[in-house]
There are 2 protein chains.
Amino acid sequence: MDSTRYSLLSAAAELFAARGFDGTTVDEIARRAGANKAMVSYHFGGKAGIYEEILATTFAHAAGEVQAILDEGLPAGETLGRFTRAFLRLVAERPHFPAIMLREAMSGGRHMTDRVLPHFVGVFLRVRGIIERGIAEGEFRPVDPVLTHLALMGSLLFFPATEPMRERLTRDGKIPIPEFLDAESYVGNLHALLLAGLRANPASPAA
Amino acid sequence: MDSTRYSLLSAAAELFAARGFDGTTVDEIARRAGANKAMVSYHFGGKAGIYEEILATTFAHAAGEVQAILDEGLPAGETLGRFTRAFLRLVAERPHFPAIMLREAMSGGRHMTDRVLPHFVGVFLRVRGIIERGIAEGEFRPVDPVLTHLALMGSLLFFPATEPMRERLTRDGKIPIPEFLDAESYVGNLHALLLAGLRANPASPAA
DNA sequence: GTCTATAGGCTGATAGAC
DNA sequence: GTCTATCAGCCTATAGAC
């Protein structure tokens, strides 16, 4: 039910991720969704409306997930693991979200209304809080939590967002890009690397 | 001399980084450069031309820098340090490059011609090679070099590229974002974190 | 090299029939 | 809810004067 609405949202997310807000036309969204051009205005009030809808629902969902993880009150290292796994789930459900979020950040949040911004801020503050707690409880080395948190988010978002480039490189056959490059391996490797780099006590190997 | 040409390139890079190729108009480029609209076509053959010129010169420069570092033949850990410092120099000279590169990667290299692609591939393969050598020589743990290399590039590019968002958040005053968030601190923290995570022998602390 | 004027194409939105 | 037809605005590129 409401399948036109859903198809439009899905097609729009894919296009916004690959080409950005300005690079995507309403006509393309409708065509890919198998719907009529005018339906974008009817259901979402226009191109800006469907974009904001995607941002808002995804950020709200993500913020809720992160909060739920924090509420479990696990040690920082485990919380980090829960977070990276939650990130994997999010990407599996909404594969186009990382690119949209990166584009938004690079544009200074030009399309982020007051409906979206609090969720965005919420996610960032909470993830940072995980690292801060790890340091406060002596589980992590005293790295700078903000810088470390940004490094983590950058790595996490980068991989799914740049999938189109790897696809291009393999398709062209110009570059030997390995086969097994799935998000799970990537996040697993990153998590192990990060834990190894953060551990206050380097005695326990994380690999 | 040739100041119009230079002004146009500079203005275009800033706008392409912040708004992407499609979000930038030739008119804006000219206005910001204090030049005439028609000069973009005259000097670069059009909007696509000036964009490609920016991509090509920057990638060629970056590829050369990375190659020079590899030619020194230092141990992997030190080579990584040389690389991150070279990255800092690049960002200081061309602050808009990370965002342009990220956008390009997310678009599947839509604007990457055969003039640009080899340099792009060259940089990636060489950076990956640093990690591979560290593993081969026993200096690094046997992590996956491709996954680790992507994590590093993601972190490095993310910070300078998302500067507009941090600027927005501080300007709005809605979020407490620290002051000292400069690229040098960021890259320094990242490098230390990565080395600590990669070290085959965890005895030597990297903090 | 630089500028003005304009052509020509594309885009987002909507009025109105069904 | 869906579709067609259409309009007004914006954008890139260029011809031609200087």
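Residue numbers begin at 1 in each chain, while the letters A, B, ... track the order of the sequences. Values below: every heavy atom of this structure, side chains too, minus hydrogens, waters and symmetry copies. Not measured: the values here are computed from a predicted model.
Using a 3.5 Å distance cut-off with no hydrogens or angles, the side chains of Thr162(B) and Arg166(B) do pair a donor with an acceptor.
The residues Arg168(B) and Glu104(A) are annotated as not salt-bridged, no charged nitrogen and carboxylate oxygen being separated by less than 4.0 angstrom. A salt bridge links Arg115(A) to Glu53(A): one of the charged nitrogens lies within less than 4.0 Å of a carboxylate oxygen.
If you measure from atom NE2 of His43(A) to atom P of dA13(C), you get 15 Å, rounded to the nearest angstrom. Rounded to whole Å, atom C1' of dC3(D) lies 7 Å from atom CE of Met39(A). Going from atom CG of Leu8(B) over to atom P of dA13(D) covers 13 Å, rounded to whole Å. To the nearest angstrom, P of dT4(C) lies 14 Å from CZ of Arg31(B). The OH-P distance, from Tyr42(B) to dA17(D), rounds to 17 Å in whole Å. Counting to the nearest Å, the C1' atom of dG16(D) and the CG atom of Asn36(B) are 14 Å from each other.
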Quick one: which protein N/O atoms are closer than 3.5 Å to N/O atoms of nucleotides 9-12 of chain D? Pair and distance per line, please.
from, atom 1, to, atom 2, distance (Å)
dT12(D), OP1, Thr24(B), O, 3.3
dT12(D), OP1, Val26(B), N, 3.4
dT12(D), OP1, Lys47(B), NZ, 3.0
dT12(D), OP2, Val26(B), N, 3.0

| query | Can Leu90(A) and His61(A) be said to form a side chain to side chain contact (heavy atoms under 4.5 Å, CB included), step by step? | reply | CA-CA 9 Å; Leu90(A) 179 71; His61(A) 177 252; 3.6 Å; yes
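Evaluated for a side chain to side chain contact (heavy atoms under 4.5 Å, CB included) with Met106(B), the options His96(A), Met106(A), Met165(A) yield exactly one hit, Met106(A).
Listed by first and then second residue, the ring pair (Phe, Tyr, Trp, His ring centres under 6.0 Å) pairs involving residues 103-135 of chain A are Phe21(A)-His111(A), Tyr51(A)-His111(A), Phe59(A)-Phe120(A), Phe120(A)-Phe124(A), Phe124(A)-His149(A) (not counting sequence neighbours).
Listed nucleotides dT4(C), dT4(D), dT2(D) differ in distance to Thr4(A); the shortest reach to its side chain belongs to dT2(D).
A donor-acceptor contact shorter than 3.5 Å is absent between the side chain of Glu163(A) and the backbone of Pro160(A).
More than 12 heavy atoms of other residues, nucleotides or ligands shown are found within 6.0 angstrom of CD on Glu137(A).
DNA chain C lies under 4.0 Å from no heavy atom of any residue of residues 10-20 of chain A.
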